[in-house]
Amino acid sequence: MMNSNPETVSTDYDTSDRLYFEPLTVEDVINIIDLEGPDGIIVQFGGQTPLKLALPIQNYLDEQKPKSRSGAGFVRIWGTTPDNIDAAEDRERFNAILNELQIAQPKGGIAKSEKDALAIAADVGYPVVVRPSYVLGGRAMEIVYNNAKLVTYLETAVEVDPERPVLIDKYLTDAVEIDIDALADMHGNVVIGGIMEHIEQAGVHSGDSACMLPTKTISDSCLETIRSWTTKLAKRLNVCGLMNCQYAITASGEVFLLEANPRASRTVPFVSKAIGHPLAKYAALVMSGKSLYDLNFTKEVIPRHVSVKEAVLPFEKFQGCDVLLGPEMRSTGEVMGIHYESSIAFAKAQIAAGQKMPLSGTLFLSLNEMTKPHLTTIARAFSGLGFQIIATSGTARVLELEGMPVERVLKMHEGRPHAADLIANGQIQFMVITSSGDALDQIDGRKLRRMALAYKIPVITTVAGALATADAIKSLKSNKIKMTALQDYFDVTKVAAELKNLQSASSISSS
Amino acid sequence: MANCMNHCENAAAYKLISSSSSYVLSPSRIYSSRIPLFPYKKRFSFLHLQSRPSVFSNTHLRKRVNSIVNEQKNVEKVNLGKEKLGKRTDIKKILILGAGPIVIGQACEFDYSGTQACKALREEGYDVILINSNPATIMTDPETANRTYIEPMTPELVEQVLENERPDALLPTMGGQTALNLAVALAESGVLDKYGVELIGAKLQAIKKAEDRDLFKQAMKNIGIRTPPSGIGNTLEECFEIASEIGEFPLIIRPAFTLGGTGGGIAYNREEFEAICKSGLAASLTSQVLVEKSLLGWKEYELEVMRDLADNVVIICSIENIDPMGVHTGDSITVAPAQTLTDKEYQRLRDYSIAIIREIGVECGGSNVQFAINPVDGEVMVIEMNPRVSRSSALASKATGFPIAKMAAKLSVGYSLDQIPNDITKKTPASFEPSIDYVVTKASCRYL
C-alpha cells in the first residue's frame, strides 16, 4: 500500500503487508516498484491522483521491464490498461469511440480560441456548459446563456489557448442526470452495480446533488438504453474493474452520455451499501484474475428499499459565499438515508445532512423565469401540506393568476418591510429560491440566501429538491421515522415482515 | 532532543517525582497527593474521584505527609488493582457513535478510529452496534460492526436505536465532536439512564469539564496550570477592565451568540480594541463579548495521553506545530516528536498533561492536550483538551505504531495498559511509552 495520507484506514499498519507513507509521484512509485517487485499495481482506487500516474508508470514498465519478485513474470498494472483509461479521458479519442458505438452525447466541441468558442456555441445553441479540459470536481465550470457571458467567461475565468483548450457542450435544460457504476472482468463480462437518479437537475455537479437508488422516474426503455450503452462501452474500453458513467435524460426521453470514468468513483461506497455487495472488493478480485462468476455477482441487484445519498455543504463555515448549487463541486461529505419508501429515505438523508424539515409554517417562494413553469406545482404541493405562501411581486402575480392564496412581500431593494425583515422576525420557516444569477440577484437574492443561512432557515435552490422535500414532509407528517440496521435490509425474513407491515399500514390509511 | 524514554506514569513514577528534584512543579505534588484516595474502589465511585477534597490545605507539611502516606497506598493499589482490573464481563453490547459526514475540520480520521474501535471490541467478543450517517466510510461496511445503522444522528432517532438494541454501554470518544455532543445530549436528557446505558471511555462529567470553558478554566486553576487569561464583558467599560487586568495587547475579542461569528477580531491597540468591542457587543444577541489574551506567535504543542482504570498514564507522542499560535492546528505543518523543547520543558508538558487528564477525569481512554509556550520566557499555558480520539491521534498512531483508538477501545472495557500487548513489538505491554528515533512530518492540503 502506498499513500501519503495518515488519516485513512488504508494506511493502518494492519491493513496491508507493506506500507509506504510516501508522496504519490512518479519517481517515488517507480522506486517502490524497484524495491518491492510486485506482481501487480492497482491504480483504480485512489481517484484522479493515481490515474494521472498510470501512463508514466506504464511507460516505465514498458521500457525497463522490471521483474516481479514472485518470479511470475514482469510487473504489470492490473485492471483497465492506462491506454484505455486515457481513451476515456481524451476528448478526441473518446468521441471516436462513441461514434463507433453509436452512443449519443450532447453536441459540443473543443475551443482553442475565443473565435472557436463562439462558433461552437452558435452551432449547438445556448445554453452551453463551458469548462477547461482535464479538471477535477468541475472547477471553473459554468453554464452560459449568451455570447456576452461566454466572452466574459473566457476573459476572466480561464485562459483559452491551443495548449489549454476549453470544452463547450450543449446544456440540457431540465434533464435528469443518472450515475451508473458497473463492474467488468477480464473475460468481458459486465454487471451493472447500480443506477442512481439524481434529484437535482443535470448541471448541478454530481457530487453536490442528492441521488437515489433505485431510480424512481426513469422509464424502463431509458434504463435499458443506459444499461446496454454502459455494457457496450465497458467492453469496448476493455474495462477490468469498475467504471462510472453519467447520463442525462431529457424531458422527451432522449438519453445522452455525459462522462465515463473507468475507475472507482465517489458513488461506489454508497452503491455497495445500498445493494449489499462490496463493489471495491469485487473489483480488486476481478483485477487479480477472478471472473464475476467466481464471485457469484452476475446480475444487477435492484433492492426493494430505497437509498438516498445527500451531499453535505460547508456553507455555514464560509461567510459570504452563495448557497446556490452549480456545476462546481462544493460539498465536503455525504450522508445516506435508507427506507422502504423513497420519501422517507429522502427525509432521513436530509435530516442526517443537518437540513431542518419544518412540518408547517410559512414558505417563501421566489422562482426565476426559467423555473416559473414549475411554480404552481410547488405552491400546490406545499399549500396542500398546510403551508402559507409568501412571495415577491413576480412570483406572486403568477400564483394570483392561478387563483392560489399568496401573501406579497417586498424585495429587498423595493423598500421595507421586505423579505429579510420577515426572516429576522421568524415569520418564514422554509424557502424555495431559484436564482437567475443576474446582477440584481447577485445583490438582493444572495443577501437573502445568506441571511436565511444565518438564521438557519432551510433554503432549497432547485425545483426537484423542492418537490422531493414536499413529498418527504408529507410522509413525515403521517409516519414516524423508523431506524433500521443495514443488516436487516438484507435479511429476507425481516424484509418480508417489514413490507407486509407497510402494506397493511398503507391500506389502512387509504381506506 | 526532548524525547527520552519514559516508562508509564504510575505509582512507581510518583515515588520518583515526589522524592526527587526541585524542578517538579507544585501541581504534580498536588495531584499526586489526591489520586490514591479511593484505591481501587473507584470503578464504583467515578464521580467522587475527581472532586478535589477540600480537607487538604496546601501547606507544605500536609503535602509531605500526604505524599508519604500515599506512596504506601500506591503500592497497595497496584497490587490490588491487578486483581480487580481486566476485561469487563458485565457488558456485552456496545454502541459506537460515528462522526457523520466529512465537514471542514473533520475528515476521514474518525473513520480510522471508529473502524479500529469496532475491530478491537469485536475481537474481544463484544457485540458492536454502530451509528454513522456517512456511507463513505469503512466502518459502515456491513462486516465491520454486528449491527450497522446508516441513519441520521439526532438524539431522538438515536434513542430509538437504544430502544431497539438495548446496548449495555455507549462509547462516544471515537466519532469526534459530533459523537461527543450527541452523547452529552443523550446523557443530559436522561435517555441513557432510561435504557440503562453506561457511558464508557469518558464520563459525562469529564466531557463537560473539558468542553465547558469555565469548568475547564476552573479545573486548570485547581491544579495550578495557567490558561490564557480572559473575561466576559457586557459593556465597553467592562471590556476595558478585563483588558487592563490582562495587561497587554494583542487581545482576541469574540462576541457570544452572533449570527455566523461576525464582529470579532484581534486588537493590537486601545483604539482597535474599542472599535472591535463596540461592534462585537452590537453583534452579540446577548450583548456579551469574550476578551482573551492572544497567544499569537507562541509555540504550539500537542501531547497524546492515555489513562487506564488503574490510573496509569502514558504519553504516546508529542507533536510540535511548526506554525505558531494563530494558525489553526489543522492547517499547520506539524512534526513528531517535538523538536525545540529542552528535556526539562518537555518533562513539564508531560507532568501537566498527566495532571490534566486526571483532573478532567478521563479515566480510561485517550486525550489530546494542546499547549502554548511563550518563545521568550518559556511560560506554558494550556489551550484546550479533547477527551476523545482526535485528528492528531491518527498521526500519532501512525508515527509511533501505537494504535491509540484501538487501545482506547480496550481501555474502555476495563483493561489496564499493562494488560494489553503492544501491537508492534508483541512483547512489551502498552504501558511502555513509544519512543521514536525518527521524525514524522505532516503537511496539510489546502482547499483554496
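Numbers restart at 1 for each chain; the letters A, B, ... are given by sequence-line order, proteins then strands.
- Within 6.0 Å of CZ in A:Arg304 there are 12 or fewer heavy atoms belonging to other residues, nucleotides or ligands.
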Check against salt bridge (Lys or Arg N to Asp or Glu O under 4.0 Å), B:Lys398 and A:Asp12: CA-CA 7 Å; B:Lys398 283 165 190 180; A:Asp12 202 355; 5.4 Å; no
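- In summary, A:Asp488 and B:Arg147 engage in a salt bridge, as defined by a charged side-chain N under 4.0 Å from a carboxylate O.
- The closest side-chain heavy-atom distance from B:Leu395 to A:Glu7 is not below 4.5 Å.
- Contacts of A:Lys482 with chain B are made by both backbone and side-chain atoms, with heavy-atom separations under 4.5 Å.
- Annotation: side chain of B:Ile102 is not in contact with side chain of A:Val312 (no heavy-atom distance under 4.5 Å).
- Of the two parts of B:Ala399, neither the backbone nor the side chain holds a non-hydrogen atom closer than 4.5 Å to a non-hydrogen atom of chain A.
- With a threshold of 4.5 angstrom between heavy atoms, A:Phe490 does not approach chain B through any atom at all.
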Using the rule given for side-chain contact (heavy atoms from CB on, under 4.5 Å), can you reason through A:Lys480 versus B:Gln160, listing the C-alpha separation, both sets of side-chain angles and the distance that settles it, and then say yes or no? CA-CA 11 Å; A:Lys480 192 174 156 234; B:Gln160 226 187 87; 3.9 Å; yes
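- If you measure heavy-atom distances from B:Asn146 to chain A, the contacts under 4.5 Å come from the backbone alone.
- Within a 6.0 Å sphere centred on CG of A:Asn425, other residues, nucleotides and ligands contribute more than 12 heavy atoms.
- At least one side-chain heavy atom of B:Asp141 sits under 4.5 Å from a side-chain heavy atom of A:Lys273.
- With a 4.5 Å cut-off on non-hydrogen atoms, A:Lys348 touches chain B through its backbone and its side chain both.
- Residue A:Ser4 does not touch chain B at all, counting heavy-atom pairs closer than 4.5 Å.
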Could you walk me through whether A:Ile481 and B:Leu157 pass side-chain contact (heavy atoms from CB on, under 4.5 Å), step by step? CA-CA 8 Å; A:Ile481 292 186; B:Leu157 294 174; 3.8 Å; yes
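- Using a 4.5 Å cut-off between heavy atoms, A:Thr484 contacts chain B through both its backbone and its side chain.
- Neither the backbone nor the side chain of B:Glu143 has a heavy atom closer than 4.5 Å to any heavy atom of chain A.
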Criterion side-chain contact (heavy atoms from CB on, under 4.5 Å) on B:Asp111 and A:Val9, from CA distance to verdict: CA-CA 7 Å; B:Asp111 183 28; A:Val9 179; 3.8 Å; yes
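- In this structure, chain A has a heavy atom under 4.5 Å from the side chain of B:Thr115, while its backbone stays farther away.
- B:Asn134 and A:Glu334 form no side-chain donor-acceptor contact under 3.5 Å, judged by distance and modelled atom types alone.
- No side-chain heavy atom of B:Tyr112 sits under 4.5 Å from any side-chain heavy atom of A:Thr11.
- Using a 4.5 Å cut-off between heavy atoms, B:Ser397 makes no contact with chain A at all.
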